[in-house]
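Worksheet: one structure, shown below.
Residue numbers begin at 1 in each chain, while the letters A, B, ... track the order of the sequences.
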Amino acid sequence: MTQTRDRIAPSPTGPLHIGTARTALFNYLFARRTGGAFVLRLEDTDVARSTVAFESDILGGLHWLGIEWDEGPDAAAGPDRGPYAPYRQLQRMARHQAVAGELLAGDLAYPCYCTPAELEADRKAQEAAHQAPRYVGRCAQLTLEERAAKEAAGQRGALRFRVKPGVVTWNDLVRGDIEIDTANIGGDFVIVRSDGTPLYHFAVVVDDADMAMTHIIRGEDHISNTPKHILLFEALGFPLPAFGHLPLILNPDRTKMSKRKSQTAIADYIAQGFVREALVNYLALLGWSTGTEEEVLSLEELSGRFDLEHVQKGGAVFDRERLEWLNGQWIRRLDSDDLIARLEPFLQRELDAGRIDRLPDPDELRALLPIVQERLPRLDAIGDLVGFLWVDDLRPDPAVLVPKRWDAATTRDALAAARTTISDAIGAIDWEADELEPPLRALAEGRGWKAGDLFMAIRVAVTGRTATPPLFDTLVALGRDRTLARLERAVELLPAASEVPAP
RNA sequence: GCCCCCAUCGUCUAGAGGCCCAGGACGCCACCCUUUCAAGGUGGAGAUCACCGGUUCGAAUCCGGUUGGGGGUACCA
């Protein structure tokens, strides 16, 4: 069997979309699994909406995910790589026009001079008559003389492909046999605009054929376009690739995932601290399964297991909760250096936003990992989790400082005692978690306090929050001086017993 | 409207005639661990397999219909 070739053909008219990323992933996995080639082609024929910035976002996003292609442009506005260059549709226009010329010469296509107003009127009439909208064929039988007259009058025709009556059938890789009567595809369709630029339906077919694609794996929204493509492949005498249509990714209300109702830009997920492994893992499992009970899988592992047989037919609702769970799973699996490096931009962001006053160095971060790694659902949670370590002026809320069962005076007393206990112990103990705990427990016991209440008061005094990593590890990370200073500050924030007005 | 696709716990899914009065995961609840929060462990609630009819000794699995949902209907991609 010859090598399989498949592709992702994004259009740089928007940022990399979750759906595009998943289609790219499935094509990538299929190519890896079958030992084939995965190609990236930019469909930039919609000049009005395409931008280099979007191109950059798309290519950058796919690189970030680790979905690498064997052929195609590697960077926005960069050079192409591969035997079928160029891989930018716009640069292939001469080829498209040449092929269109063949179709015209063979009378498989014809110029159409209908105005937008005429076409609109046709559509309205059909709608009123409860008919499927289709091109009525007004220009289908124009003689050469009639065409020449219109051209002479300055009219520029769009090129329409002649759709033959009949039924188009294909065996879809994920859905099995599908047949569609060509009477239902809207009549002769435009393949080249009146300005000479090719349309999507035409350009994809020429490019897919030129680039020797064997498998077209794309979204379900293309099912009704497939007959047009097959007709074109046949008219052009190109070998027909296999088609497979993936289920759509859905909004919670089960409509096609959209920017309006869901977060769709990959860049947003990156900015929120999702890691590539989790995103890839999650996307692979949206509409596909291993057929086993494995679910935490790397790109490598997915590449070895992927198959079209286990692709689901029904659409899949995007479930952020599950993505977050997988994200936690993968963050916990990252090795120290890797995690530290990935945390860096998020810490920088905390600094830029003024939420912390300095950046920890890698070693400081490394020491923190044992208590931080399993508590991060996303990388952007680092500030919330331990940002208090890098804040100069911590001012805990006095109301939060007082444990539930205590009053302000008791808390003040306890915090002062804790400060003394710690300060007295210095020299006798090492500043380590398991050495800090016993004296403070003894203090609580001696005063008849529940250890948990004392610890909570200390926790809030030194971190400003009630939910933190383990207390004694936190004190170690904070250091002796700052621990004592923060305890002292907290005591000052609380009224002494004599200051509390009698009830 | 017309054409096409789809239909298993709230969600993602396993299941390709008997192993299923349906298994796993997320989420939820409880308990354990525990100084808080996580993580982890254990257990639980949660699906008459959309509905109706057929085929069969036997159907979530095959067939037909119904209903529901979705997608497409451009000189966008």
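For B/rG71 and B/rA77, the C1' atoms lie 15 Å apart once the distance is rounded to whole Å. Only the C1' atoms considered, B/rG24 is 30 Å distant from B/rU67, to the nearest whole Å. Distance check on atom P: B/rC37 versus B/rC28 gives 15 Å, rounded to whole Å. B/rU11 and B/rC51 have their P atoms separated by 15 Å, given to the nearest Å. One C1' atom belongs to B/rA60, the other to B/rC19, and the distance between them is 14 Å to the nearest Å. For B/rC49 and B/rC57, the P atoms lie 23 Å apart once the distance is rounded to whole Å. Comparing B/rU66 with B/rC5, their P atoms are spaced 15 Å from each other, to the whole Å. Going from the C1' atom of B/rC52 to that of B/rC20 covers 23 Å, rounded to whole Å.
Side chains of A/D413 and A/T410: no donor on one and acceptor on the other come within 3.5 Å. A/T292 and A/T290 share a donor-acceptor pair across their side chains, judged by distance under 3.5 Å alone. If you check the side chains of A/R320 and A/Q272, you find a donor sitting under 3.5 Å from an acceptor. Of the N and O atoms on the side chains of A/S262 and A/N251, at least one donor lies less than 3.5 Å from an acceptor on the other residue.
Nucleotide B/rC75 has no partner under the Watson-Crick or G-U criteria, as no pair reaches both atom distances under 3.5 Å. The nucleotide B/rC19 finds no pairing partner, because no Watson-Crick or G-U wobble arrangement with both distances shorter than 3.5 Å includes it. Using N1 to N3 plus N6-O4 or O6-N4 for Watson-Crick, or N1-O2 and O6-N3 for G-U wobble, each under 3.5 Å, B/rA7 pairs with B/rU67. Taking a pair to require two hydrogen-bonding distances under 3.5 Å in either a Watson-Crick or a G-U wobble arrangement, B/rA60 remains unpaired.
Here salt bridge (charged side-chain N to carboxylate O under 4.0 Å, His left out) pairs that include residues 168-181 of chain A, with residues two or more places apart or in two chains, are A/R175-A/E220. Among pairs with a residue in residues 86-97 of chain A, those fulfilling salt bridge (charged side-chain N to carboxylate O under 4.0 Å, His left out) read A/E55-A/R88, A/D80-A/R88, A/R92-A/D207, A/R92-A/D210, A/R95-A/D210, at least two apart in sequence or across chains. Residue pairs that meet the salt bridge (charged side-chain N to carboxylate O under 4.0 Å, His left out) test with at least one member in residues 273-297 of chain A, sequence neighbours left out, are A/E277-A/R342, A/E294-A/R305, A/E295-A/R322.
With sequence neighbours excluded, no residue satisfies side-chain hydrogen bond (donor to acceptor under 3.5 Å, both in side chains) with A/R375.
Within 4.0 Å of A/N225, counting heavy atoms only, lies at least one base atom of the nucleic acid. Residue contacts for A/Y282: at a heavy-atom cut-off of 4.0 Å it reaches no nucleic acid atom on any strand shown. Within 4.0 Å (heavy atoms only), A/T468 reaches at least one base atom of the nucleic acid. A/P252 comes within 4.0 angstrom of nothing in the nucleic acid, heavy atoms only. Residue A/G314 is classed as a sugar-phosphate contact, given heavy-atom separations below 4.0 Å to backbone atoms only. A/R254 comes within 4.0 angstrom of sugar-phosphate atoms only, judged by non-hydrogen atoms across all strands, and of no base. Residue A/S194 is classed as a base contact, given a heavy-atom separation below 4.0 Å to a base.
Protein chain A touches strand RNA chain B; the 5'-most and 3'-most nucleotides with an atom under 4.0 angstrom of its non-hydrogen atoms are B/rG1 to B/rA77.
A/F202 and A/F189 have their aromatic ring centers separated by at least 6.0 angstrom. A/Y200 and A/H222 have their aromatic ring centers within a separation under 6.0 angstrom.
The residue among A/D453 and A/H222 whose nearest nucleotide of RNA chain B is located toward the 5' end is A/D453. Projected onto RNA chain B by closest heavy-atom contact, A/V192 and A/I180 fall at different nucleotides, the more 5' of which corresponds to A/I180.
Taking the charged nitrogens against the carboxylate oxygens, A/R378 and A/D380 do have a contact shorter than 4.0 Å, which makes a salt bridge.
Only A/A158, A/R160, listed by number, bring a heavy atom of residues 155-165 of chain A to less than 4.0 angstrom from any atom of RNA chain B.
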